[in-house]
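Just so it is clear: chains get the letters A, B, ... in the order the sequence lines come, proteins before strands, and each one is counted from 1. Values below: all heavy atoms of this structure, side chains included; hydrogens, waters and symmetry mates excluded. Just so it is clear, the structure is predicted and the values come from calculations on it, not from any experiment.
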Amino acid sequence: QTGSDTGGAKSGETAGTPGKKMKVGVSIPAADHGWTAGIKYWAEQATKQNPDIEWVIQDAKEPNEQINGLENMKTQGVDALVILCTESAPITPIAEKLHDAGILIINVDRGFTKPVADVFIEGDNKAFGRKSAEFMVKKLGGKGKIAILEGIPSTVNTDRVSAAMAVFKANPGIQVVAQDSGMWNREKAEKVMQNMLVQNPQIDAVWASDDDMALGVETALKAAGRDKSIWILGGAGMKDIVKRVMDKDPMFPSDITYPPSMIGFGIQTAASMLRAGKDNTKKYTPRHVMIDVDLITPENAKDFYFPDSIY
Amino acid sequence: MKRTNILSEYGALLALVLLFIINVVTQGANFLQVENLRNMVSQNAAVGVIAVGMTLVIIAGGIDLSVGSLTALCGAASILLVNKFASSGMSPNMAILLSAIGAIAIGTLAGVINGVIISYGRVAAFVVTLGGLAGFRSIALVLGNGGEIRSQVPSLQDFGFGGLAIPFVKDRGGGPVLFYWSAIVFIAIALLAGFVLNRTRFGRYVIAVGANPKAAEYSAINIQTVRVAVYALLGGLVGLASVLVGAKMNSVGTGSVGLYYELDAIAAVVIGGTSLRGGKGRIWGTVVGVLLLTLISNMITANHIDTNWQGLVRGIVILVAVLIQRGRKENE
Amino acid sequence: MKRTNILSEYGALLALVLLFIINVVTQGANFLQVENLRNMVSQNAAVGVIAVGMTLVIIAGGIDLSVGSLTALCGAASILLVNKFASSGMSPNMAILLSAIGAIAIGTLAGVINGVIISYGRVAAFVVTLGGLAGFRSIALVLGNGGEIRSQVPSLQDFGFGGLAIPFVKDRGGGPVLFYWSAIVFIAIALLAGFVLNRTRFGRYVIAVGANPKAAEYSAINIQTVRVAVYALLGGLVGLASVLVGAKMNSVGTGSVGLYYELDAIAAVVIGGTSLRGGKGRIWGTVVGVLLLTLISNMITANHIDTNWQGLVRGIVILVAVLIQRGRKENE
Amino acid sequence: MEFPAVRALDGVSIAFDEGEIHGVIGENGAGKSTLMKILSGVQQATSGTVKLNGEPIVLHGVKDALRKGIAMIHQELNLVDELMVYENIFLGRELTKRGILDRNKMIEETHTYLDQVHATFLPTAKVADLSIAGKQLVEIAKAVSVNASILIMDEPTAVLSEPESQSLFELILSLKARGTTVLYISHRLSEVCMICDKVTVLRDGVWVETRTAKDASPSDLARSMVGRELQDFYPPKVFTAHGEPVLSIQNVGGASLSVRQGEILGLAGLVGSGRTELAEALIGTRPIGIGKISLNGKEIRIHSPKDAMRRGIAYVSEDRKGLGLHLTLSVVQNVTLANLRAYGKIVSNLQKEKESALSWKSELDVRTGDMDAAALNMSGGNQQKVAIAKWLETKPRVLILDEPTRGVDVGAKREMYNLILRLAGEGMACIVISSELPEIIGLCHRVVVMREGKIMGELTSDEMTEEAVMHLATGVEAA
Ligand SMILES: Nc1ncnc2c1ncn2[C@@H]1O[C@H](COP(=O)(O)OP(=O)(O)OP(=O)(O)O)[C@@H](O)[C@H]1O
Ligand SMILES: Nc1ncnc2c1ncn2[C@@H]1O[C@H](COP(=O)(O)OP(=O)(O)OP(=O)(O)O)[C@@H](O)[C@H]1O
Ligand SMILES: [Mg+2]
Ligand SMILES: [Mg+2]
């Protein structure tokens, strides 16, 4: 019986009623590499800016842990949830149930496999792969030897890599001489690159698909004294890399944005929708917002440079 | 020199009760919602089922680090199977049933492989299953080529979130609160395993092999067979667990599902008072261990503990839980 | 019933040689480059240093799952310290030295804590250090606020990639090929540990405690002290390793550094022929184990093995490496 | 039968007749256990055949041997400490009802088996809580419960005291009456003469002779064992005791006693009479409660064997396998372990270790090929010698020997007695815990008898008779 009572008091329907402090859950993947750490950082920033709401931030190493966290948040009586999936499909069913239970669902970056989110703020990993690859092909003038560093085997990685490979395949001049996983980890990337370097006398560029790995690659190049002849394309807009692009560092001619700050936008959206009463705001809030991935160039770099961010 | 007192016997239970009380105090009504208590039992049902099997393996003097990866492998297989069966015009329920059997079979097979290499190959269980940890995950990734495998059978998810309605209780949405099948399976498996361990000949052999293989051998027990059997059993349970996970997620992320299950399962077993030296242990303790782990996560969410600090809290609570049981010399 | 043959003694070495030959065949000249061989030794120097310490802990009948997280913690601390010292106008080298000492001290302290809880608290090492695995990482995350801690002392990285020039050898860039300090530290530590284990009284006690704690106690050995000592030693080595990592990266990602080190280290130890039952083991074997693991990754990169398949390859090679050594009953 | 470096058995052929009690004797390392392990399927012979009722048979493992009706009580205990007595006795052949263990029936039957061996503990007692002797009784009960047609006993009485031994003999005779063939290994030659029909003597793995036991005297057997004349068994007592008590204890667990320099004090009692517990209290592995321990008049507190050793108190445990030795360590390492500091504060001088180990080898006549081989490859008796050497290494002022000659052959026993006497002569105080009365009486200057942890009385050398000791130990007039 207790269940339904307290439930009534906090249920989604009565959300927005003045005086009653609202509760929002933020569910994100655990910070096991730079980008996810950035997610956490921006989540904290954004929640701090909305003190009128009670925030619950929960990270998860794997889907089951995330599902459990979401279930717990429901019993905590949250009015809305901002979810960045560890994996899309596994989280979809629970998200659907929570949505049915009247909780406002904001889905960030990795989309559910069913349209169960009230607002979906999508990051486009395929575009990430495609655009970065296209830039690399262009910069190499359609021909050259490249090395590829993949991330932790996962949907995100698969989307990025396969999209990029498609582009490279379409350009016969481009020759992939080495490909291995750097686990989105600087240290691992450095080791892998070290091996690639001794195994390949000729490499023109490295497609690193993530800025953590890009830095690892750089370390390896420097150590092997080949930092002059090889340039790197990372990804996700880590502040250090953006700075290097801004400073016209030949090693980092460009970078691809995949801003972890998108979680902040999701959080802000949830906050403002709840304040105005979600059922009203739903009418004019777009259900699907696509966050474009941009090519960072020395010209536009300053717009993407946040020195005080941890990422 | 032995000192077996109530604490060393029921310390884990005490820890659970304490944590429960703490939660009641800090969360109040929220925590006592039937729905929340239901979640306590069901949330780690999969890990629970695995932990029960792990208990037998550990009592027999072994260990298995491959269960997490095997969950992903069996899970991937079960989803592929259920899709295949369904697309071949089989009734959804039939397809689910058969795919479940398939997953369990694959798990058992993997367990047998582990067991054979360990007992006949005479290789330390830790390494063999460490190989499995890497290998099984890899096969799963290949099956799902690095990504997730989605079920085309919607009713699979209905099973995942289906169960028996708890009488007189409604959830926030006003719907019935279901006691999930996963929880029921977990409880059933635990009871069964407890029975096997304490009431059957096989259970007795498991203890003997773990406690003193030589004595067991001199007593005409075929220790090899017993060893293989426990790993096979665990493998089968992992297969079962993978079905529970897959149903709940209506899919399997081959790179992510089952990560760290091995650590959670082993932690639950040891928290429950089963000695890693083998030769003694209790199933109910493992169940308590699983519930304890679930309770910790629940508490962390409820009390807005900063994600950075969560690991510390988790670590300390686990430590305290086992420290309460200190005094059992054999842990030395 | 013991059967100690050449294989069980030098199986690991054999496996290493075999894998080496395979690489020579598949990669040819590339593989035999001095630079590449140099990398073999230095790439896992940090894990190597840890594995050497782990060998002692395992011989003493223990195990430590917290080393990976502890690496992150010590690393984070060392970077914070080096920045602090440097900003306080200390000479870079001095700052680096002091921060290294600080990291080692912290590691040792953590090791002592593990050891005390395990030996005096009489809690299974597996759980205690599982707590550490969660706890230390968490503290590291708090220090780095979940992200990366960067060194403001450029010369730190110079140290990370400094070393002794190997005579008569130039790399592709035409520069000298340096034998990195990290590799030198690794080798030095291994030799030292080998000496301690086989020639010193402490080493003998470590073996005795691992082989039969009770008999050791009855032989007037203070087993508690020995236990604490090995964990402290390992902790200190983890601190040292964290400095090597930090120097190479010139930063420490508190969430990512040291992930899975515990598994790599333990795998190396067991591949090297040290029994997880405790009471016997060899340092040189562990070194071989570490090199074997490095060789595997090198091979995987060289032969463009698909990411998804890598785990399987790794698992199988590890398994084969230990299967070669089978036949030692004590693994039962 | 060959082991690396050792030829344990060499062309031995023996015939065992149905329903006979056949003793097998020989020096430590003669190959008795190895032979029996072959007969019970534990080890496979490298050459030769085993015939059962004339049929040549091959034994694939213990299970097979049991099926063929051959059971064995091993020299070393092989019980599952974590399990209860009844569970151990039925291990491998549990009684079940519809697949479910029939606990009550097994306990019930266990009662009868335990009565046969006159054990005082319950079927539901945890084996870990039993004393060594108690465990031995369980082993015997277990072997009997199989009612095999051939029962092999490898030194079953080594850890038993008189009454248990007696009841064991009754048991053996009743088995014989049932037509069971019993192969009986023992170093207590008087027993052998008493209950065996035939005796086979082995020496260095070679068959020496098989003779009827009736017309043999212990000394005859001893002679053919060692291959030379042994003059009288117990060396003449020289009373070397002098001065004030070195060690004296006041009501430690209700027991008070003291021992003087150069004195050999016997500690007699039945199984479980608390002698080992008392000894363990003296080295700090058991709480001494309200008791007091004083060394040379000064009261001391001992918290660990290390304290005890520093104070010059050494204890050679009765539990050779569990507490006495590190079976996986080499003989050398075992000998020096307790006294390692003497070989270097930090770095240990391996050469010096080896030398002193070798000197002990010759001193105690340890029979083993390789001093660097693991101790577990040595025969039981030789292991015992190593365990003692390990403590003599520490040059203790007080030496406590718990069942010191357990499993030691006659020859070696004599040497050990001589050694103990010599050490006493050099001023060492010795406490000898023994369940072998002749040993107590033959060796000790004074004997203290215990029952249920309390001291029942004390006998001087000339008051010592088996009857007197038993009277105190059991509390009943020996009939
Ligand atoms: N596993 C083994 N490896 C190597 N040598 C062994 C092994 N087992 C026994 N031996 C050797 O075989 C010989 C016979 O041993 P066995 O145990 O049969 O002697 P025993 O007659 O039983 O002596 P005891 O009376 O002391 O028990 C001894 O020299 C012993 O060192
Ligand atoms: N009849 C018995 N058989 C076996 N163990 C017993 C018996 N009675 C008591 N015990 C156990 O043995 C303990 C005392 O045995 P202890 O070893 O100290 O006596 P002991 O005189 O040394 O006899 P033992 O010959 O067994 O060494 C008791 O605390 C109890 O646990
Ligand atoms: Mg013998
Ligand atoms: Mg005793």
task = Compare every heavy atom of B:Val269 with every heavy atom of B:Thr286, then report the nearest pair and how far apart it is.
result = OG1-CA, 3.9 Å

Max heavy-atom pair count under 4.5 Å with chain B, selected residue of D:Leu77, D:Val80, D:Leu91 = D:Leu91

query = Are side-chain N/O atoms of D:Ser273 and D:Arg275 paired as donor and acceptor at under 3.5 Å?
reply = yes

query = chain D heavy atoms under 4.5 Å from B:Phe195: which part of the residue, side chain, backbone, both or neither?
reply = side chain

ask   = Can a donor-acceptor pair be found between the side chains of B:Thr129 and B:Asn114 at a distance below 3.5 Å?
value = no

inquiry  = What I want to find out is whether D:Asp81 reaches D:Lys135 closely enough, with some N-O distance under 4.0 Å, to be called a salt bridge.
reply    = yes

request  = Name the option with the most non-hydrogen atom pairs under 4.5 Å to chain B; the candidates are D:Arg93, D:Met72, D:Glu82.
outcome  = D:Glu82

ask   = Any idea which of D:Ile100, D:Asp64, D:Leu101 has the most non-hydrogen atom pairs under 4.5 angstrom with chain B?
value = D:Leu101

inquiry  = What part of B:Tyr218 gets within 4.5 angstrom of chain D, counting heavy atoms only: side chain, backbone, both, or neither?
reply    = both

inquiry  = Could you check whether B:Phe186 and B:Trp181 have their ring centres less than 6.0 Å apart?
reply    = no

ask   = Under 4.5 Å, heavy atom to heavy atom, which residues of residues 141-148 of chain D contact chain B?
value = D:Lys142

key: Passing candidate, side-chain hydrogen bond (donor to acceptor under 3.5 Å, both in side chains) with D:Thr276, options D:Arg286, D:Glu403, D:Glu318   = D:Glu318

Sidechain N-carboxylate O distance under 4.0 Å for D:Glu109, D:Lys105 = yes

message = So that I can tick it off, tell me whether D:Lys321 and D:Glu76 are bridged by a salt bridge, with the cut-off set at under 4.0 angstrom between side-chain N and carboxylate O.
response = no

